[in-house]
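What follows is a single structure, written as structure tokens, with notes after it.
These numbers come from the heavy atoms of this one structure, side chains and all, not from hydrogens, waters or symmetry mates. Note on naming: letters A, B, ... go to the chains in the order of the sequence lines (proteins, then strands), and numbering restarts at 1 for each one.
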Amino acid sequence: MVRALLSRARDMLDGIPHRWGSAAIASSSASGHGAEDAVAGYVRMLGAGVRPDAYTFPSLLKAVARGAAAAAEVGGAVHAHVVKFGMESSAHAASSLIVMYAAMGDAAAARALLEACPGATGGAPPPVMWNALISGHNRSGRFDLSCRSFADMVRAGAMATPVTYVSVISACGKGKDLLLGMQVHKRVVGCGMFPDLRVGNALVDMYAECGDMDAALVLFEGMLVRSMASWTSVISGLVRSGQVDRARELFDHMPERDTVAWTVMIDGYVRVGRFREALETFRRMQFCKARADEFTMVSVITACAQLGAQETGEWARIYMGRVGIKMDIFVGNVLIDMYSKCGSIERALDVFGDMHNKDKFTWTAIILGLAVNGRGKEAIDMFYRMLKASLIPDEVTFIGVLTACTHTGLVDKGREFFLCMTEVYNISPTVVHYGCLIDVLGRAGKLKEALHTIDEMPMRPNSTIWGTLLAACRVHGNSVIGELAAERLLELDPDNSTAYILLSNMYAKSNRWKDVQRIRQVIMEKGIKKEPGCSMIEMNGIIHEFLAADRSHPMSKEIYSKLETVLIDLWNAGYVPDVTEVFVEVTEEEKQKVLYWHSEKLAIAFALLTSESNVTIRIVKNLRMCLDCHNAIKLISKLYGRKVIVRDRTRFHHFRHGSCSCKDYW
DNA sequence: CTAGGGTTAG
């Protein structure tokens, strides 16, 4: 095996450095800048006539190993150079080679090199080489191999060092193998290695990673010396177990905080959906003059995406350029998502176009972005371009593609994609995919086929499925299937306010006013409450939140008086309030008031009050937009010549010149 | 060989 590796390596020696230099750079450019720069630097060094020594190869190999499998040829070529310059016997070079092969997924090559390593006393390979093997497997994410290699190491009689334990314990944590982790823990205690900070940290992290926070905390509290990593592991574990507030408490008690600690805390808020606190924490981080990096920015931009905070997201992008944080593929992907979720699909496309490397996340993000922003045909074109670029779509990509079909009314395409997902890509559809398919059929008015599809589903339909069908029945005024869907939906979720609202809308659409009355009665009797509507709007980097009839905003007085003048303008332009979706049983007059104080109307009034007329108004709403607000905003966009984008629970509404991109179909 | 952090949907 080693002989084969070497002969492969020697084959590459011809024409070095020039021919290899350019080929290596070309192939490593696909795997990130680290490897590319390192290889380019190495080639320049050779060109300048400097001979590499024992210190050259470890860093070069490390850079290559960081890259993806695309760098395999480069790895082989660097191996050839190690041999060429007689560095095979350098322990540093040898261990780096083992890490590199294992990290690139070539476990056999790594193992062969290890076997060929003579120990200090001759015979068995020394512990450092085993450590290299385990660490390399960790980097490729093959934690099972890390653990197996550790077992082999023990069997071969090599003496485990603290580094060995750190690596194998880390593998247990990342691979979620708590049982093995506990066994290794016992072993560590047995061999009298404690107290060792690095091993201690690895153990704390392993327990935290495996969700055993009690064990992690007991260990952490028992540590005589702690480092930042000890704290960060515990904070990260608390976040993962949903205890963000406890994590925050610990975070505030840290003696000092570095980039990673801040990032864990910011990301913690993002994970539990507390996006505003994530941004507040980021602001505090800057106030504390802590350095952010690309990891931090991914979490920050994700928070902006969820909040629809485009100004802050844009600022984050510029900030990165200013302070020299590199835009890697993760940042690019999340920027596409952020712009898409802010309704700025053009900017998302700009980012997409500027990205040199695109992975399946990149393509999926742009497909979804185009789809939800109502540009389904382009989304589908992107899907074909993705295939041409040899990327394999996953289950999320298909959600994007099916969503595109829904929004563009491409029924046949929708069915076709649904089939090809299973038949060509071997992805079994989840209930979400069925939801998309039912949406495609329902929106096109094929309600019977949609119902049939539900009957044929391999899994039990959930409330979303019935809700989707019910929504389609409302749009098409089919109260027969609609009633059935509502019935099923209420069986699963008896207090689902949406079911009552949609059912009542449907009756209203087919002029069944008695039934509308009856539904209201039921709502009253059962005391069903609509989930409170909430609208967010960002203005000058500050996020303002409005609930219905909310008076808590500092500018509340001005907002309500602005709203009043806007309403007068609307009435003069022929607006008639539509109370069909109001569910409190009050007088007609009060119903209108309820409507006027809907959260998105308050947000609009606030925006009209505080922004220039050329600024697009962007609102994010937690629920589906109501009929009356939709009418009102259409008119506002015409009367005041404003562009308004509302992102509701399922889609975007781009209002312009009195009409909406959803074509009143939502 | 040497700890801790990141992306898409619902």
Nucleic acid footprint by protein, nucleotides 1-7 of chain B - heavy-atom cut-off 4.0 Å, B for base, S for sugar-phosphate alone
BBBBBBB
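- Residues satisfying the salt bridge (Lys or Arg N to Asp or Glu O under 4.0 Å) test with A:E531, not counting sequence neighbours, are A:R649.
- By the 4.5 Å heavy-atom criterion applied to side chains, A:I98 and A:R111 are not counted as neighbours.
- For the pair A:I427 CD1 and B:dT8 C1', the computed distance is 13 Å after rounding to whole Å.
- In this structure, the ring of A:W231 has its center less than 6.0 angstrom from the ring center of A:F220.
- Residue contacts shown for A:I399 include a base, since a base heavy atom lies under 4.0 Å away.
- Shown here are the salt bridge (Lys or Arg N to Asp or Glu O under 4.0 Å) partners of A:R187, two or more places apart in sequence or in another chain: there are none.
- Side-chain atoms of A:T161 and A:T164 form a donor-acceptor pair, as typed in the model, at a separation below 3.5 Å.
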